[in-house]
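Below, chain A is the first sequence line, B the second, and so on; all start at residue 1.
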There are 2 protein chains.
Amino acid sequence: MCDCPHSPQGGTILLPGHTNVTKVKLPVTQENCRPVAPILARVGDKWSILVVMILSQGPRRFNDLKRNIDGISQRMLTLTLRGLERDGLVTRTVFPTIPPRVDYALTDLGHSLCVPVTGLGKWAMANIDTIERSRAEFDARSED
Amino acid sequence: MCDCPHSPQGGTILLPGHTNVTKVKLPVTQENCRPVAPILARVGDKWSILVVMILSQGPRRFNDLKRNIDGISQRMLTLTLRGLERDGLVTRTVFPTIPPRVDYALTDLGHSLCVPVTGLGKWAMANIDTIERSRAEFDARSED
DNA sequence: CCGAATCCGCGAGGATACTG
DNA sequence: CAGTATCCTCGCGGATTCGG
């Protein structure tokens, strides 16, 4: 990806040199980012990230999650959890009782995802005011 | 947001205490995350993040961007750039020449966004193999 | 070259009803 | 309780055309 902030040209990757490691500049293209895209799609997904954040507090049952995520439909919660489980971010544990009980919990991988996501969250919290002001100004300029 | 990895219960925020600072547990709800959601939506957007990454290398012209982002339509590039400009992440500079020329560049805010996004990118690069393996296994279990 | 405007297909996602 | 199945709509986004 990129070596922001303010790198004028190119990201850097590490390639094995002779005995040392050499840094090689290469342009940022969709080639480099392609494998990252599906991850970003998951993180950027409206519901996935909420589920992960809530599960970071500990395991939850299905309806417990549903109650705590305002506006999510049964269907979307199911699909979201399936996707997270498929990616190995969440475990699904079924207790064959009556009535049935299913616990969802973050895997280690899921927990590790919280780190960069929290970083993004902090950036968002720190800059939300600036952004909303920018939006307001932009919209004011547009309407005439 | 959350204090992963592996915080068993609750995130922490800092509240001003008497002379010291006290840590207060509070649940992660969509209340806490609401202001963050639109930011994540932007970051998670398929095109936005690619544009930001490419612009992190330096200013680009419209068609230059278009050529470097495989598969993006003119319309979506325009909309994406407008959104980024509106959020104050990108500047749009028009040179009234013939033919016209428009340069797009990251603002300081845009550059600062690269930092957490790069963090996420590194996580993705580091775990893409694990995730794809997990997906393959999950799909194998499903088909029967 | 840069963009706005229009049309249109399609798939994400909500609502509802039904099962184990 | 924890899903699955079906229907239906609504808006995202591609293709195309026109304007400055």
Between atom [atom1] in [X] and atom [atom2] in [N], what is the gap in whole Å?
X     : N      : atom1 : atom2 : result
B:L79 : D:dG11 : CG    : P     : 16 Å
A:L65 : D:dA2  : CG    : P     : 9 Å
A:L77 : D:dA2  : CG    : P     : 10 Å
A:E85 : D:dG3  : CD    : C1'   : 13 Å
B:F62 : C:dC1  : CZ    : C1'   : 9 Å
A:R60 : D:dA2  : CZ    : P     : 13 Å
B:R82 : C:dG3  : CZ    : C1'   : 7 Å
A:N63 : D:dC1  : CG    : P     : 5 Å

Test item: [X] and [Y] side chains (from C-beta on) under 4.5 Å apart, heavy atoms:
X      : Y      : result
A:T130 : A:R133 : yes
A:R135 : A:I131 : yes
B:M53  : B:C114 : yes
B:W123 : A:V115 : no
B:Y104 : B:R61  : no

With a 3.5 Å distance limit and no angle check, can you tell me whether A:S73 reaches the backbone of A:M76 through a side-chain donor-acceptor pair?
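Pair found, side chain donor or acceptor close to backbone of A:M76.
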Which nucleotides of nucleotides 14-20 of chain C have their base under 4.0 Å from a protein heavy atom (B), which only their sugar-phosphate (S), and which neither (-), written as one string 5' to 3'?
BBBB--B
CG on A:L55 to CG on A:L106, rounded to 0.5 Å
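CG of A:L55 is found 5.0 Å from CG of A:L106.
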What donor-acceptor contacts under 3.5 angstrom involve side-chain atoms of residues 38-49 of chain B, with partners at least two apart or in another chain?
{"unit_1": "B:R42", "atom_1": "NE", "unit_2": "B:D87", "atom_2": "OD2", "d": "2.5"}
{"unit_1": "B:R42", "atom_1": "NH1", "unit_2": "B:S48", "atom_2": "OG", "d": "3.0"}
{"unit_1": "B:D45", "atom_1": "OD2", "unit_2": "B:S48", "atom_2": "N", "d": "3.0"}
{"unit_1": "B:D45", "atom_1": "OD2", "unit_2": "B:S48", "atom_2": "OG", "d": "2.7"}

Residues of residues 89-98 of chain A with any non-hydrogen atom less than 4.0 angstrom from an atom of DNA chain C: list those, numerically ordered, please.
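Heavy-atom cutoff 4.0 Å gives no residues at all.
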Can a salt bridge be assigned to the pair B:D103 and B:R101 using a cut-off of 4.0 Å between side-chain N and carboxylate O?
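Yes.
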Does A:R61 put a side-chain nitrogen or oxygen below 4.0 Å from OP1 or OP2 of D:dA2?
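Affirmative; the distance criterion is met.
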Tell me whether the side-chain N/O atoms of B:Y104 come closer than 4.0 Å to OP1 or OP2 in C:dG3.
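B:Y104 to C:dG3 OP1/OP2: side-chain N or O found under 4.0 Å.
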